[in-house]
Every structure is written in structure tokens, then in C-alpha cells.
Amino acid sequence: MFTSTLLAPKTELPGDLFGAIADLKRELNAVILAHYYQDADIQDIADYLGDSLGLSQEAAKTNADVIVFAGVHFMAETAKILNPNKLVLLPDLEAGCSLADSCPPDAFAAFKAKHPDHLVISYINCTADIKAMSDIICTSANAVKLVNQIPVDRPIIFAPDRNLGKYVMAQTGREMVLWQGSCMVHETFSEKKMVQLQIQHPDAETIAHPECEPAVLRHARYIGSTTALLNYIQQSSSQSFIVATEPGIIHQMAKVAPHKQFIPAPPLNNCACNECPHMRLNTLEKLYLCMKHQIPEITLPEATQQAALKPIQRMLAMSA
Ligand code: 13P
Ligand code: SF4
């Protein structure tokens, strides 16, 4: 049987992949939702491209019968939670997330039990099991706004990203109990190399995603979600930017501001480890094959789906 991680025979791939995907989209009444960290050609073929918040809002309102999710597992899972009766496809089922993996359900249940009076706010980069144990889901775009809506006397657990958690604490002045998870991609940026780069490019503005460590964030002029960063580079009068997030976003930045310069923030080693290895498992070929065979499909136990839906719906209502 075909699985996403096996290489498809070359003969199965049409010469015009873009055209074949467009045909399948019509046949299936499918929508392709993609995150900015996907390869450029996937970004180019997507019906909707966005950050995690935009992608969940889009998944919540789509009329398509099939959702093809070009992103990682927790994102496709969120689309499935919002659309239990639709077929949700992920080009490569192995496309996970180190941050989601850093919060195993059993350990989190024990952690939560130690703080029984705390409200649980979980970053969307977590599994459906963690969402099911949460009161409210947030994304990097709305975390500050959502925490600001919680009464000040209500203690909060924030999971799983400690860096986003620390950033939200600094922005809101709220103490929160943090789960100590992190993203392997955003933790590869080197403060030392970033400062060296800033010295080489004194006119460049540094912008960063809040999943970066505080030592990196303190050198950033602007901090925001991927969509917020994309908006910022268009509004800013600066002509060059040092970009501290996964460099897939630079494809869109160069499209919307072709005259500006975008310099990827350097990782610790001279590697490509600032590219998310999970996101990059998806390829245009796998996207075509998953639509052709309608696998791999995201499935969830009904009880988990229902329990995880409530905190996502709360997020959508609170960020409206
Ligand atoms: P946003 O999509 O909220 O910017 O988060 C980036 C990310 O790491 C997704 O995995
Ligand atoms: Fe997960 Fe980090 Fe990759 Fe985003 S960039 S999917 S948080 S590992």
C-alpha cells in the first residue's frame, strides 16, 4: 500500500504537477491550506497561506469537502477537530513538531494535577490530547491578547512553549506557570552570530518570532507571528531586515516587497537547521500523491475531537 513516506514511482507523477493538482482540487472540491514554512512551490499553489491563527480561522469557515493541509500534524489535526466530517489530508504524516513532542500527555496531566485551580492556556503547537486538557488555545498572533482577557486573580498554566510563555509574561506583566517545552528550530538561532550580523548590516532591522529564546528576542526591533512579521516588513520604512524565524517566510517577504533585502538570522552551526525539518517533509510531489490517493488522512478518537474543540472555539471567539 502507498504511504506518504515511500517514494512514489516516477511514472505516477505527471509532467505538470501544478496543473494536475489544480485538476484534483476541482474534482475533490478541495482547498489547500499552507503555512509560510512550506517550500516555495507549495506556498505558490496554496488557496490560503497563513500563520497558525489564520489557518485555523480558514479551516473553521471553509466550504470545501476536502482539506489538504500543507503544514505539520498539529495544524492538520486542528483542521480535523474543527471539521470532524471532512476529509483532512496531510502530504506526509511524519511531519510532526518538536514543540508538540516536548509535551507528552501523561506528563502534562500530572503537571496539571499539581495546579488544580489554574486555567490552562495552550499554544496551538501541541497535540489534540493536550488541547483536550486545555481551557483555551492560543497562537503566537493572539497569545498576549487572550491572556489579557483573563481576570488578574486567575492563575494560569501556559504550555508548551516556554519562550512564547516568557514573552507573554513580559508583555502582560502576568506570572504564569510554564511548561518547559521549546521549538528546535527557533532555539538554533545564535545571539552571538546575530549581533555580528547586526554589526555587518547596521541599517537592517531585526525581526523575530516569539518562539526564539529571550537572548535573541532582546535584539529584535519587532516581535510577532509569521503573518505579523510579513505585515511589518511592508509597513516599515527600512530597506533590509534580519529575519529570526524559519526562512520559508522569506519567499513571501520577497514577493510582497521585492525591492527590500531579507537576511536569515544565523543558526549556531553552519547548518540549514533553521529550516524546520518537519515542515520540509512535505513536497509538491507528496501533495499531489496525497490528493490522488486521498491518504494519509487525519483521524481522531471522537472523545478527543470533542474535548479539543471547546478550547479552540474559545480561542476563535476571544480573538474575533
Ligand atoms: P505562527 O504560525 O503562529 O507564526 O507560528 C509559527 C510556527 O512555528 C508554526 O509551527
Ligand atoms: Fe514545530 Fe518549530 Fe517546526 Fe513550528 S518551526 S512546526 S514549532 S518544530
Side-chain angles (χ1 to χ4, degrees), residues 51-53 56 72-75 77-78 80-82 96-187 209-218 223-225 278 300-320:
D51 65 1
S52 300
L53 177 61
S56 12
V72 288
H73 194 272
F74 76 79
M75 296 179 169
E77 210 171 48
T78 304
K80 183 67 181 176
I81 293 164
L82 287 161
C97 168
S98 66
L99 178 52
D101 290 346
S102 69
C103 192
D106 289 351
F108 188 68
F111 180 75
K112 193 183 151 180
K114 284 191 198 150
H115 308 278
D117 54 340
H118 284 50
L119 187 83
V120 178
I121 303 185
S122 296
Y123 187 32
I124 198 162
N125 300 33
C126 64
T127 60
D129 288 327
I130 300 298
K131 288 186 175 77
M133 285 187 251
S134 305
D135 296 298
I136 305 171
I137 298 303
C138 70
T139 75
S140 63
N142 61 18
V144 170
K145 179 175 170 170
L146 267 50
V147 168
N148 273 331
Q149 291 176 51
I150 308 304
V152 285
D153 56 347
R154 187 79 203 265
I156 299 173
I157 287 177
F158 190 91
D161 188 16
R162 62 175 174 217
N163 294 322
L164 178 63
K166 280 182 208 155
Y167 172 73
V168 172
M169 279 170 38
Q171 293 297 303
T172 61
R174 292 285 292 261
E175 269 305 311
M176 301 193 293
V177 177
L178 302 182
W179 178 265
Q180 295 297 315
S182 62
C183 159
M184 63 189 280
V185 175
H186 287 87
E187 286 209 331
H209 194 279
E211 284 176 23
C212 295
E213 289 179 307
V216 167
L217 290 181
R218 71 163 175 253
I223 297 166
S225 78
H278 311 290
L300 278 168
E302 198 178 326
T304 310
Q305 184 272 328
Q306 284 179 7
L309 179 61
K310 288 186 196 116
I312 298 174
Q313 284 176 328
R314 269 184 216 119
M315 168 186 84
L316 293 174
M318 289 170 77
S319 49

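Values below: all heavy atoms of this structure, side chains included; hydrogens, waters and symmetry mates excluded.
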Looking at every non-hydrogen atom in both residues, tell me the closest pair between A100 and T127 and how far apart they are.
CB-N, 4.3 Å
With sequence neighbours left out, what residues match A141 under side-chain contact (heavy atoms from CB on, under 4.5 Å)?
D51, L53, T139, S225
Which pair of non-hydrogen atoms, one from P105 and one from I130, has the smallest distance, and what is that distance?
CA-CD1, 3.7 Å
Here the gap from L178 atom CG to I157 atom CD1, rounded to the nearest 0.5 Å, amounts to 10.0 Å
How long is the straight-line distance from CE of M75 back to CG of N125, given to the nearest 0.5 Å?
6.0 Å
Would you give the length of the straight line joining atom CG of L146 to atom SG of C138, rounded to the nearest 0.5 angstrom?
6.5 Å
After noting the C-alpha distance and the side-chain angles of I150 and M318, does the key distance pass the side-chain contact (heavy atoms from CB on, under 4.5 Å) rule?
CA-CA 11 Å; I150 308 304; M318 289 170 77; 4.1 Å; yes
Say you draw a straight line from CG of L164 to SG of C212; how long is it, rounded to the nearest 0.5 Å?
11.0 Å
On a heavy-atom basis, which atom in C126 and which in F74 lie closest, and how many Å separate them?
O-CB, 3.4 Å
Nearest 0.5 Å, please: how far is CG in L316 from CZ in R314?
12.0 Å
I'd like to know if the side chain of R174 reaches the main chain of I156, judged simply by a donor and an acceptor atom lying under 3.5 Å from each other, with no hydrogens or angles considered.
no
Minimum heavy-atom distance P104-W179, with the two atoms named
CD-CZ2, 3.9 Å
Output every pair passing side-chain hydrogen bond (donor to acceptor under 3.5 Å, both in side chains) with a member in residues 155-171, not counting sequence neighbours, ordered by first then second residue.
R162-E187, N163-E187
Mark yes when over 12 heavy atoms from residues, nucleotides or ligands other than Q149 sit less than 6.0 Å from its CD; otherwise mark no.
yes
Residues in side-chain contact (heavy atoms from CB on, under 4.5 Å) contact with M184, at least two apart in sequence or another chain
S98, P277, H278
Closest heavy-atom contact between A308 and A128?
CB-O, 3.8 Å
Value rounded to 0.5 Å, distance of OG1 in T78 from CG in L309
10.5 Å
List for me each residue that meets side chain to side chain donor-acceptor pair (under 3.5 Å) alongside S56, sequence neighbours excluded, and say none if there are none.
none
Write out all pairs satisfying salt bridge (charged side-chain N to carboxylate O under 4.0 Å, His left out) with one or both partners inside residues 121-147, taking only residues at least two apart or from two chains.
none
Name every donor-acceptor pair, under 3.5 Å, that has one atom in a side chain of residues 106-124 and the other anywhere in the protein, sequence neighbours excluded.
residue	atom	partner	partner atom	Å
K112	NZ	M133	O	2.9
S122	OG	S134	OG	2.7
Y123	OH	E211	OE2	2.5

